[in-house]
Amino acid sequence: MDEKFDMFLETVNECFRSFVGGINEYLTGNGCKCDVKLQKSGYVVSYVLNDSKRTLATFVSRKTGMKLRIYPEHIGEYQSFLNTLPEKVKKEIKKASVCKRLINPDDCNPKCVMGYTFVLDGEQYPKCRYMAFQPTLSEENNPYIKQFLEKELQAGTEPADL
């Protein structure tokens, strides 16, 4: 691992370090480039898919704890997975900001990348891509976070129907 990532890892709660290290190994081993930046609020660690230059996930530090922001471009292919998430995570997703551009494209910055529309517990949600999927690291959430990343990577690598 590189020095910047090691410095970031030192700031992670000790009980989650092996999980964060494992996510790093998993993502970098599956074609993601790890980008570590130091900001006022702490480290921001992003994983960019080499083939598409799009960000798959970003570790962000918040007062409420370390979160992993996930950008699931292929959520439509596995949205039933969302129903299996812990109730706390579902609640966070449901209360996340609505994507203004999905509702009215003129209501948000034209450079803003549009959010996601998905179904969770039988209800459709139009959510902001930067707020929708940010589970907090926890013993309960971590296995689901890993599954979420696996599903997104699998969906992104399967050949499209012709």
Side-chain angles (χ1 to χ4, degrees), residues 8 11-13 16 19-37 39 41-103 105 107-109 111-158:
F8 156 69
T11 68
V12 175
N13 185 322
F16 299 128
F19 175 74
V20 170
I23 292 294
N24 181 67
E25 286 178 30
Y26 174 72
L27 293 177
T28 55
N30 279 281
C32 290
K33 178 182 169 273
C34 179
D35 182 38
V36 182
K37 291 183 178 143
Q39 296 185 335
S41 60
Y43 285 95
V44 175
V45 180
S46 298
Y47 294 91
V48 179
L49 289 163
N50 288 333
D51 57 345
S52 67
K53 305 267 190 267
R54 79 170 179 90
T55 302
L56 171 65
T58 302
F59 281 109
V60 290
S61 298
R62 295 286 184 258
K63 287 178 184 170
T64 55
M66 179 70 63
K67 294 181 175 278
L68 184 64
R69 181 181 293 143
I70 302 169
Y71 302 98
E73 298 297 315
H74 305 283
I75 191 68
E77 296 175 38
Y78 58 90
Q79 66 185 340
S80 61
F81 164 75
L82 297 176
N83 297 326
T84 70
L85 295 172
E87 287 305 315
K88 261 186 171 175
V89 175
K90 288 182 185 181
K91 191 175 175 184
E92 285 178 13
I93 292 170
K94 290 175 183 179
K95 76 176 193 182
S97 306
V98 167
C99 175
K100 294 176 191 172
R101 285 200 70 203
L102 283 169
I103 295 166
D107 274 357
C108 198
N109 183 333
K111 292 182 180 173
C112 180
V113 180
M114 217 174 276
Y116 311 105
T117 300
F118 56 89
V119 175
L120 172 61
D121 291 340
E123 193 172 328
Q124 187 167 320
Y125 292 93
K127 295 294 182 174
C128 171
R129 70 181 274 114
Y130 302 102
M131 303 304 288
F133 303 105
Q134 287 193 95
T136 303
L137 300 190
S138 72
E139 292 300 322
E140 182 184 19
N141 295 352
N142 291 357
Y144 294 93
I145 291 170
K146 177 100 185 329
Q147 286 178 40
F148 205 148
L149 294 170
E150 290 168 346
K151 289 188 177 301
E152 180 61 23
L153 280 173
Q154 286 170 351
T157 58
E158 289 175 1

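- Here the side chains of P135 and Y144 are not in contact, with every heavy-atom distance at 4.5 Å or above.
- The shortest side-chain heavy-atom distance between D121 and N83 falls under the 4.5 Å cut-off.
- Scanning both residues, Y130 and C112, for their nearest heavy atoms gives CE1-SG, 4.3 Å.
- The closest donor-acceptor contact from the side chain of E152 to the backbone of E73 lies under 3.5 Å.
- For E150, the salt bridge (charged side-chain N to carboxylate O under 4.0 Å, His left out) partners are K146, not counting sequence neighbours.
- Heavy-atom minimum distance, A57 versus Y71: N-CD1, 4.1 Å.
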Worked verdict on L149 versus Y47 for side-chain contact (heavy atoms from CB on, under 4.5 Å): CA-CA 11 Å; L149 294 170; Y47 294 91; over 6 Å; no
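- Evaluation of the side chain to side chain donor-acceptor pair (under 3.5 Å) rule for K127 yields no partner, not counting sequence neighbours.
- Taking CG of L102 as the start and SG of C108 as the end, the distance is 10.0 Å to the nearest 0.5 Å.
- Not a single salt bridge (charged side-chain N to carboxylate O under 4.0 Å, His left out) links K151 to another residue, sequence neighbours left out.
- Distance CG/L27 to CG/L68: 7.5 Å, rounded to 0.5 Å.
- With sequence neighbours excluded, no residue forms a salt bridge (charged side-chain N to carboxylate O under 4.0 Å, His left out) with K91.
- Distance check: I75 CD1 to L82 CG gives 4.0 Å after rounding to the nearest 0.5 Å.
- For the pair K53 (side chain) and V48 (backbone), a donor-acceptor distance under 3.5 Å is absent.
- A donor-acceptor contact shorter than 3.5 Å is absent between the side chain of R101 and the backbone of G115.
- In terms of the ring-ring contact (aromatic ring centres under 6.0 Å, His included) criterion, residue partners of F81 (sequence neighbours excluded) are, by chain and number, F148.
- The CE atom of M114 sits 6.5 Å away from the SG atom of C99 when rounded to the nearest 0.5 Å.
- Put simply, the residue from N141, L137, T58, V60 that forms a side chain to side chain contact (heavy atoms under 4.5 Å, CB included) with K67 is V60.
- Applying the side chain to side chain contact (heavy atoms under 4.5 Å, CB included) rule to M131 yields the partners A96, S97, C128, Q134; only residues at least two apart in sequence or on another chain are considered.
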From CA spacing to verdict: ring-ring contact (aromatic ring centres under 6.0 Å, His included), F16, F59: CA-CA 12 Å; F16 299 128; F59 281 109; over 10 Å; no
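- Within the model, atoms CD1 of I93 and CZ of F118 stand 6.0 Å from one another, a figure rounded to the nearest 0.5 Å.
- Between F8 and V36, the shortest heavy-atom contact is CB-CG1, 4.4 Å.
- Minimum heavy-atom separation, V12 to M66: CG2-CE, 3.8 Å.
- With rounding to the nearest 0.5 angstrom, the OH atom of Y125 is 4.5 Å from the NZ atom of K94.
- The environment of NZ in K100 is sparse: at most 12 heavy-atom neighbours from other residues, nucleotides or ligands sit within 6.0 Å.
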